[in-house]
Every structure is written in structure tokens, then in C-alpha cells.
Amino acid sequence: MAEAATAKTIRILMVEDSALDAELITAQLKRAGVPFTAERTWSHQGMLDALTTMPFDVILADHVLPGFDGDAALALASEIAPQIPFIFVSGTLTEELAVQALKRGARDYVVKSRLQRLPDAVLRAIGEAQERRRLQRVEAELHESHQRLRLITDSLPALIAYFGHDHRYRFANNAYVEWHGRTPESLIGRHTREVIGEDTFNSIQQHLDRVLLGEKVSFDLLSLRGDGTPRHAQVDCVPELAPDGAVLGYYAMARDISELKHAQALLRANNESLERQVDERTSALHRSESRLQALFESSFQHQNLLTLDGHIIDTNSASLAAILADKEDVRGSLYCESAWFADTPGVPGVVCTAILEAAAGNASRHELELRLPTGKRTFDFSFRPLFDHQARITAVVSEAVETTARRQAEEALRHSQKIEAVGQLTGGIAHDFNNILTVIAGNIEYAKMLTDRLGDAAGNSSRSLDNAMKGVMRAANVTQRLLAFSRRQPLKNMPVDLNEEMRGMQDMLKRSLGELVQIDVLHSPDIWCVEIDPNQLEASILNLAVNARDAMPEGGRLTIEIDNIHLDKDYAAQHPDVPPGQYAMIRVRDSGQGMSAEVMGRVFEPFFTTKEVGRGTGLGLSMVYGFAKQSGCHVLLDSIEGSGTTITLLFPRSASALPGTRQAEAQEANAYEVEEETTVLVAEDNDDVRAYTVDTLRQLGYRVLEAHDGPSALRLLERPDVSVDLLFSDIVMPGMSGWALAKQAIGRKPGLRVLFTSGYPRDIDASGTVGRTIALLAKPFTRSDLARSIRASLQDESAAQGGETLDRG
């Protein structure tokens, strides 16, 4: 479908007010090799003019526009050009807004931080639109075919009808209006005896019985017309046979031969000609019925027809496919003991009871999880009685709709919501804890500096302060893992060669795993490039390796495999949170104790651990999970008790080239002296952190101004007697965030340098700094960290020499 969509140049209407975002979208499409032309607008009138004057294949729209929004754009597109697929491309589109947009008619949504999805989304939307138009044409042609069939039969003077096996009308042409005074619609479902009378029906029943045995019959019939006039009719009946030879029904054509009785010879000649026409019409009707039968057989709903005591009369293809059987294998067998239910304890009894209830006239529904030859699957079953024309129960119908995919999706959603809720809680705890650790770390470092000046006179104080600082750093490591799980840790994504990363870790892994664990690393010679934070990758692999070591207390084998993998739609259907596509993977497999199903369901939760007290924090795997999800990656877990555990990290393939060997960051070499009157404005809502920061900067020789929130900082910047060189701002503050403060501050003072700090940058997506790097000093920070980051920001150095950087490109 994608190839068909790219056979010609795609015409794109881009509803986007940001020129930079428009350039990024254009670059992403060009990089994917999509041939296109684009018309850009960002207002209601501009979009209206474009849609009414030019043809487009797809609409790409931001959700937030000046004086106009994505919802209004979607409504306008639905009104003016509903056939054009509409895709949201936005940086502020939440999952809830995206779901609402899809319900209102949008075909897809793409977050601006994941523009690599855009080419596939565009091609898929265009392909789906083409497929919808094709289906509409097919439906129109089918309707036209039915109309032609009706026109042909209605144009004939003969009475033409199709009867079911029970002699009830299924089809009749307009000739019945003249003959019987009945419209074709009024005949459908009626028995033949109701139309021609009991006596007449009895006189021809022997002929009809032969038709039901598979014979073609022809006989004369004396029948009363609607006005009471007796007329002779020549009736021809042709049975319709199923592929297995069974008679499904028959076609009947009746001609008035009263006026031609005296010319039998001529009548026979006319009959031969007419019979040929009937055969042609019969063949056309048969083909139409065959198509309807094919639709029934291709239905995804499982259908079974049962006797009143529960034996199988017939079943459709979907039901047979579930148990890998043919009709001959199951016909006549007891339904509740068949392959559908035999391997699922407790279910045969439920089914038998439901069949008996249906035979007594009571319908019922049951949601059943079955162990089938095709795997464990869930179904919504219904059992209902089948009545004949005399309201007698003649059979039981069993129908089932598979709900496996829906159940899996619901379970995945519940798990995702659970993890998200825990992530919000742990992220908030980390934020407050990091503020406390910042004050503690800074004061310990300052006290250490004072005791170092005392020399031997300090006694054991220096050692005690060293131990206290180690404790602070361990606590900071815990908060960093909490941030990793809540997907709020600062990441520095860059092109990464997984082969090189694992080669660089082999010595460290061997030291960490010890002598009892044998490690094998299997590299891929043509590994694809991925874009992730290499430091977090290294920490994740080390966590997985240490967990594997603890699962093999007597020793064992740890295998790390690096390879490329292409996930198709069938695989993605079994893992709802993993879209199909190209991935580079790292698979960590151990020969340890494995996990139970209960443990696997909680293994990524923070603080959950199966180790004894003191052996683990329960944050290792939660850190791996959070890093993967924040990086747009996926984690797959497979484990069997007693047979080891396999954890697979899937990284989306990047279009970037593989990098060279990553060099260690250069150490600061040159000394730096604070220039006189260098002014730093500190914006921090936490009083203790602000006091510590201000005191430290003043001790370092800076002139410092302080503000407890964003508006206070802006008022200081507006004073004519104040000249600020650097804004040092917390990100999370009440009322006005650090992002909003920095944006307004730079707007008023374009040359102002900015350094952010945060222990929980939960609103990082609101920064609006797409395509730039943000200087960030993560909390908790020490006196030396603060000095280095301030100095680097004032010198316009890379923030990697001080605080970390967030790559928002």
C-alpha cells in the first residue's frame, strides 16, 4: 500500500505556524525519500482557501495555532474535504487528546519529538484513503450488479422466484404483481402454499420433492390469478446444489401457457429458448449466492449449528481454523467434548449446561478462556435456540467472537496506567529529596573545605565528612534511578554503535560478574545505528548483568546478543506497545533460576525485589524500564521458572550514520577567574536550596541577586540599575516554570545566558527548545559542580563540562 501511495508526488497541506517545525517535517519526509509538494498555512481562512482551490492528498496539522487550533482545523477539513486524511503533528498532543482526535476523524497523530514516524504515518494514511475509495467503487459495482439482475428478471413476463429448502420465497420478480396481486417484497419469507393455496400445493408437492432430491422438474399447473381467473402455467424448477451435492434450494419460473395450449409444438420451441435464458439467469443468481456464501464462510465470528442434545450439525471456517480441523472431523460429535473445549478444565460442563438451557428456550452468554491447538485464546460465546416457522425449537446455535486482542490491550493499558501512577509518585519524591540532598551535599562540601584548612588539627572530622558525602552520593543515585523509572531523567541522546558500546563494557562486566559466571557477547557485523544516551545504556546493561548474576548463585552462563531485527504486524499484534518496524536489539539471556508469572508481572515496579533484605533496592530493573520507555525503546521479558530469563531491549533504527569510537570527555584544564561585577540572578522557590546557592556563589566571587519565583526574577531584570550576566533558574516553580521565565527573560535581554537546575524536570516537553541543547545542572549538586557549571555557561562552553545537556532535537 505504501508503494502505491508513493507512485506519484504527494500533495501536502501543512497547517503549521512554526517555520522551524515545518522545516523539520519537510526534512524528515525528504530523508525518508517521500516525493511531495507542500502548501503551508496557519489560519482558518488560509486553510479554507487552500482546500477550496487546490487538491491535496494529506493534511498535516499542529494542535496549537495562533488564533486557531487543531480541533478547529480537523472540523474544517471534515466539512470541506472529508476524503483527505488528516494527521496531527504536535509537540503538545497528549494521549487523551490524541484519542479524542482519532474519534473525531483524524487518521493518526505524530509527536514532534518522534518525527521519524511521520513518513510511515503519511504513506499509511494515503494508502488507507485509496483503499476506502476502492471499496466504495466495489460496493457501487456490486449494487449496480444486483440492480441489473433485478431489472433483467423484472423485464420478463414469466414468474421467476427462488425458494429455500423449506419452500419459502427468497426472491420473486415483479410478474407476481400481475399474476397474484402481490408485490415481491410481500412474498419474501412466505411458504408456497400460502400463495397458491393448500390444494394446489398438494398437487405439485411430488414434483417439488423431486427438486429437493436434486432433479430439475417441469410440470403444468392450473392456478387462480389474483382476479380469480384460472390460468394454465408451465412451471420449471431447478435445484441449487452446494459443493458437497446437498440441495440448498431451487429456482422456479412459471409462464402463462393458456393462450398457447393449442400450439404445443411452437410452445416446445419457445420453451427451449426460454430454458436457455433461465439457465443463464440461474447461473448469475448462483454466482451471487456463492459470493454471499463466501462472505459467510470468511466471517471472523465462530458459528456452530447443534442438535438439541449438543451434537454438531455444521460449523464455519473460522471456527474450524481455531482447532485446525475439517468439517468431516467434527460433524456428528458432541460439541462440549470437542477440541474446542476438551483441553480446558471446567469448561465442558459449562458448555453442556448452556446447550441444555438453549434447547429449553433460554439463551445465555459466557466469556471463556480456552486452550486450543492454536494457543490460549479468549472468546465471548452465546448459545441460543433456533426456532422454525411454527415457533418450535429445532436446533441450538453457538456463536463466538474472539476477544483475545481486546483482553491483551486492556491488560496492557492497566499495567501502563499502574506504572505511570507509580512513576508520578516516585518522580515527585525524587524532586523533594533532591532539593534536600543539594543543601546537605553543599554544606558537607563547604565543611570539608574548612576542615581541610585545619590540617591535622581536624582529626577525624575530615574522614567523617567524606563518609557523609559518600552517603549523599548513594542517596543521589537512588533518586536518579527513581527519575529513570518515572521517565524524567535528563538524557543526552546521540548516535550509538551497540557493538562498540558492548566491546567497551566487556572488561567491566567480567569484573562485576566474577569467576563463576561465563559471559558470551555475540556481535552483529552490520548493526544498525540507534540514538540513545550511551551512559544510561551502560548502566542498564550493567543492571541486567548483575541481576542475572544474582539469579545464578552457583554460577552459569550469561549471553549478550546484539543484532538487527524487523518486527512485522503479526508480532506487533502480540505486543500492543511495540509498533512494527526495524530495530537494533540487545538480548541478555541467563541460565539462572527464572521467574514465576507473578514475579514477571511486578518485576519492573520500583522497590520490588525477590532478594533478601540488604541485597537489593528493587530499582535496577525499574531504572532499565524507565530508560527504555523515555528513549522510545521497548523491553520484552521472557522467563520460565528453572530455565533462565531473557530480557530484550529494542531500539528503533536511526537514519544517522554509525559514529566512531566514543572518546572520553576532556577534563577541564584551564583555570578561570571570576570577572569583577559578574552578576548571577538565582531563581529558586525552595528557601534552603536558594540560600545555599546564593552563599556559595558569593563565596566564589560572584555578585548575586535572588528571587523566590519567576515574576520576582522578571521584576529584578526590569530594573534599570541591574545588569545580569547569567540566569540560574530552577525548572519546577509555582506559578511560572523555569522554561517560561527563561523565554521571557531572553526576550527582554537577548544576550542573557541561562543555566537550569532541577531534580525532577517533569515539564521538560514544555520547553519549546526543539533542535537546541539546554544547559542543565541536575540536583543534587555540590559546590564544585555549581562552580564548574556557572563558569561553563558564562564562557559559552559545552554544558557537558558542568551540568548535563538535554538534546531536544
| request: Tell me, with the steps shown, if Ile541 and Ile586 meet side chain to side chain contact (heavy atoms under 4.5 Å, CB included). | output: CA-CA 9 Å; Ile541 298 301; Ile586 296 182; 3.8 Å; yes
| request: Mind running side chain to side chain contact (heavy atoms under 4.5 Å, CB included) on Arg748 and Ile746 for me, showing each step along the way? | output: CA-CA 5 Å; Arg748 300 178 187 186; Ile746 293 175; over 6 Å; no
| field | side chain to side chain contact (heavy atoms under 4.5 Å, CB included) between Leu522 and Thr559, worked out | value | CA-CA 8 Å; Leu522 308 178; Thr559 303; 4.0 Å; yes
| message | For Trp739 and Phe756: C-alpha separation, side-chain torsions, deciding distance, then whether side chain to side chain contact (heavy atoms under 4.5 Å, CB included) applies. | response | CA-CA 9 Å; Trp739 306 126; Phe756 290 109; 3.4 Å; yes
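With respect to Arg587 and Glu561, a salt bridge is recorded, a charged nitrogen being found less than 4.0 Å from a carboxylate O. For the pair Asp725 and Arg753, the salt-bridge criterion is not met [side-chain N within less than 4.0 Å of a carboxylate O].
By the salt bridge (charged side-chain N to carboxylate O under 4.0 Å, His left out) test, Arg715 pairs with no residue at all, sequence neighbours left out.
Looking at heavy atoms from C-beta onward, Tyr702 lies out of side-chain contact with Phe728 at the 4.5 angstrom threshold. Counting only heavy atoms from C-beta outward, the side chains of Leu741 and Met733 approach each other to under 4.5 Å. Here the side chains of Leu705 and Val680 are not in contact, with every heavy-atom distance at 4.5 Å or above. Contact check for Asn547 versus Val588: no side-chain heavy atoms found under the 4.5 Å cut-off. You'll find the side chain of Val682 reaches within 4.5 Å of the side chain of Val704, heavy atoms only. For the pair Leu681/Leu726, no side-chain contact is recorded, criterion being any heavy-atom separation below 4.5 Å from C-beta on. Put simply, the side chain of Met552 does not reach to within 4.5 Å of the side chain of Leu516, judged on heavy atoms. Two residues are said to be in side-chain contact when any heavy atoms from C-beta on lie closer than 4.5 Å; Val111 and Val89 fail this criterion.
Within the model, atoms CG of Leu544 and CZ of Arg549 stand 13.0 Å from one another, a figure rounded to the nearest 0.5 Å. The structure places OG of Ser723 at 6.5 Å from NZ of Lys749, a figure rounded to the nearest 0.5 Å. The OH atom of Tyr109 sits 7.0 Å away from atom CZ of Arg117, with the distance rounded to the nearest 0.5 Å. Here the straight-line distance linking atom CG of Asp695 with atom CD of Glu706 works out to 8.5 Å at 0.5 Å rounding. Ser18 OG to Lys112 NZ: the interatomic distance, rounded to the nearest 0.5 Å, is 5.5 Å. Note that CG of Leu697 is 11.5 Å distant from OG1 of Thr678, once rounded to the nearest 0.5 Å.
In this structure, a donor-acceptor pair under 3.5 Å is present between the side chains of Thr679 and Arg703. For the residue pair Arg783/Gln699, the side-chain donor-acceptor check at 3.5 Å is satisfied.
A pairwise comparison of heavy atoms in Gly738 and Ser729 identifies CA-OG, 3.7 Å as the closest pair. Heavy atoms only, all atoms of each residue included: Arg114 and Val110 are closest at O-CG1, 3.5 Å. In this structure, Leu727 and Ala742 approach most closely via the heavy-atom pair CD2-CA, 4.2 Å. Here the shortest heavy-atom pairing between Asp785 and Arg788 reads OD1-NH2, 2.8 Å. Of all heavy-atom pairs spanning Ser90 and His63, the tightest one is OG-CB, 3.4 Å. The nearest pair of heavy atoms linking Ala745 to Leu714 is N-CD2, 4.1 Å.
A ring-centre distance under 6.0 Å is not found for Trp528 and Tyr583.
Without hydrogens or angle criteria, Thr693 side chain to Val689 main chain gives a donor-acceptor distance under 3.5 Å. At distances below 3.5 Å, not a single donor-acceptor pair connects side-chain atoms of Ser712 with backbone N or O atoms of His708. No donor-acceptor pair closer than 3.5 Å links the side chain of Arg589 to the backbone N or O of Thr646. A donor-acceptor contact shorter than 3.5 Å is absent between the side chain of Asp685 and the backbone of Asp709. A side-chain donor-acceptor contact under 3.5 Å links Thr757 to the backbone of Leu777. Side chain of Asp62 to backbone of Glu16: no donor-acceptor contact under 3.5 angstrom is found.
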Solution key, residues 649-659 side-chain donor-acceptor pairs under 3.5 Å, sequence neighbours excluded:
from, atom 1, to, atom 2, distance (Å)
Arg653, NH1, Gln582, OE1, 2.9
Ser654, OG, Glu531, OE2, 2.8
Ser654, OG, Ser656, N, 3.1
Ser654, OG, Ser656, OG, 3.3
Ser656, OG, Glu531, OE2, 2.8

